[in-house]
Protein chains: 2
Amino acid sequence: MVGTLAPRRDIPSATVSRLPVYLRALHEFATRDVTRVSSEELAAQAGVRPTQLRKDLSHLGSHGVRGVGYDVGRLTAELTNALGLNRSWPVAVVGMGNLGRALAAYSGFATEGFHVEALFDHDPSVIGDLVGRHRIASMGELTDVVARLGIAIGVIATPANSAQDVADALVGAGVRAILNFAPVALALPEGVACRSVDLATELHVLAFLRQPERVGADVGRGQ
Amino acid sequence: MVGTLAPRRDIPSATVSRLPVYLRALHEFATRDVTRVSSEELAAQAGVRPTQLRKDLSHLGSHGVRGVGYDVGRLTAELTNALGLNRSWPVAVVGMGNLGRALAAYSGFATEGFHVEALFDHDPSVIGDLVGRHRIASMGELTDVVARLGIAIGVIATPANSAQDVADALVGAGVRAILNFAPVALALPEGVACRSVDLATELHVLAFLRQPERVGADVGRGQ
DNA sequence: CGCACTTTGTGCATTTCTTCACAAACCCCT
DNA sequence: AGGGGTTTGTGAAGAAATGCACAAAGTGCG
């Protein structure tokens, strides 16, 4: 973590990272037509301990009912609202290699108001190609397109060496939330949110954990 | 994190998650023919603070030279060794949708001894198809193939509802390290290492951070 | 050869995160 | 209406991670 810090309201960042997991667990119960869950059931589904779930929810001022549990619908609404998922989030993907194309088509991105609305690439030979319902635009069009479509989140799926330039372009165009798949630490101005996902790093950590010397271990956000 | 715990040797898990980042930063310097770096330079490249870098390296018993810095080659070797990257890690990818195919072809996977050696899918209509240099095998072949090729790491890129079955199959076949892209908390026996990457969760966190009420914030593994 | 300068390694303080333990709150049954 | 049985919400304890400040250890110049 390099950017800025200090969530304005006092929700710990560790808690924020888990809220989406709780939301998904709730959806799971909803599809089974369960209307009430205990912290124990919900925590089991989410892969955390009940006590942590309750503490996390307490930061939202969220209220279950003692002796009963949580109303699935109500808690879903509260979490959805807390996460800001009751609006639309136009997403742009930059970098149309294997990963970028997969992300552009990934159904996980289509949930909860996230919509891929624009695709960009540097390579002239792919500009104009259709991926899903969208045409790949050139980097030169980025500023205009981002402004016109009100892109809120930029996904960087380029090689490492162009990631910083892309980030600068996105920020310059007004994007203030970036999901970065390139294996570099981006330098970003204060006020720009960034999450990085690094596949090679994940494999490296697994390799460490699986070394014969070290016994069964489970580091980090295993679940 | 739900699985087991307690890295046998006392390297904090937060440190372990950063070691691959340092290794990559070192590679960057090496390609520029730099042979010595200070903790300040290396930390800047890695996106952390110098003091944290030094503290992390101290857990390895790694030694730089006071007044000088670190020898790029030597530190690279030490980190490579500590992470267990001086051997080959055969990887299998299960689930040949968009994401699985991208992962199978992803060059980031090809670094440092990680080699995709087997591909699996449930869908009969894609079994036998070639992706890269490999044929997609059926789930029924999983146990045999994993054993024969000595697969060390299983990557799950299936929908959420089949992820647990796939995990069980992998573990049953002897795989004890899993990289999970399905949005579920896997239940795994003690001694199986697991890292989960959840794209939807990352977007949700970004949405939270970008809500108007909360000012610039940067949660979690932003870099 | 010694002194000034640089940069590491680390004990300690601080902050953040997790877990425990229990009182408060609510339902339901009689 | 009251009491037993649950399950939440939370203060306080404990653990982990981070950041500070400085001593230790090296280089190189005079």
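All of these numbers come straight from a predicted model, not from anything done at the bench. Residue numbers start from 1 in every chain, and the chains themselves are labelled A, B, ... in the order their sequence lines are given, proteins ahead of strands.
Across the protein-nucleic acid pair, B:Leu42 atom CG and C:dT8 atom C1' stand 13 Å apart, rounded to whole Å. Computed from coordinates, the B:Arg49 CZ to D:dA17 P distance equals 17 Å when rounded to whole Å. In this entry the distance linking NE2 of B:His59 with P of C:dT8 reads 16 Å, nearest Å. Rounding to whole angstrom units, CG of residue A:Asp10 and P of C:dT15 are separated by 16 Å. When rounded to the nearest whole Å, the span between CG of A:Asp56 and P of C:dC17 equals 10 Å. Between the CG atom of A:Leu53 and the C1' atom of D:dT10 there is a distance of 14 Å, rounded to whole Å. One interatomic measurement links the two molecules: CG of B:Asp71 to P of C:dT8, which rounds to 13 Å at whole-angstrom precision.
Checked against the 6.0 Å centroid criterion, the rings of B:Tyr70 and B:His63 do not qualify as a close aromatic pair.
Looking at heavy-atom distances under 4.0 Å, A:Arg18 makes contact with sugar-phosphate atoms alone, never a base.
Side-chain proximity of A:Val65 to C:dT19, C:dC26, D:dG9: nearest is C:dC26. Distance from the side chain of B:Gln52 is smallest for D:dG19 among the nucleotides D:dG19, D:dG26, D:dT10. When distances run from any side-chain atom of B:His63 to the nucleotides C:dC17, C:dG9, D:dA17, the shortest one goes to C:dG9. Side chain of A:Ser58, nearest nucleotide from D:dT10, D:dT8, C:dC17: D:dT10. Closest to the B:Thr51 side chain, of the nucleotides C:dT18, D:dA21, D:dT8, is D:dA21.
For the pair B:Phe181 and A:Glu202, the minimum side-chain heavy-atom distance is 4.5 Å or more.
Salt-bridge annotation for B:Arg24 and B:Glu28: absent, with no side-chain N of the basic residue lying under 4.0 Å from a carboxylate O of the acidic one.
Between the side chain of A:Arg66 and the base of D:dT7, no donor-acceptor pair under 3.5 Å is found. In the interface, the side chain of B:Lys55 is not paired with the base of C:dG9 through any donor and acceptor atom under 3.5 Å apart. The base of C:dG9 sits within donor-acceptor range of the side chain of B:Arg54, with an N or O pair under 3.5 Å.
A 6.0 Å sphere centred on CD of B:Glu41 holds more than 12 heavy atoms belonging to other residues, nucleotides or ligands.
Between C:dG9 and B:Tyr70, a contact under 4.0 Å exists linking OP1 or OP2 to a side-chain N or O. For the OP1/OP2 pair of C:dT7 and a distance below 4.0 Å, the side-chain nitrogens and oxygens of B:Ser38 include no atom meeting the criterion.
Judged by distance alone, the side chain of A:Arg210 and the main-chain N or O of B:Arg176 form a donor-acceptor pair under 3.5 Å.
With the nearest nucleotide of DNA chain D identified for both B:Arg36 and B:Gly67, B:Gly67 has the one nearer the 5' end.
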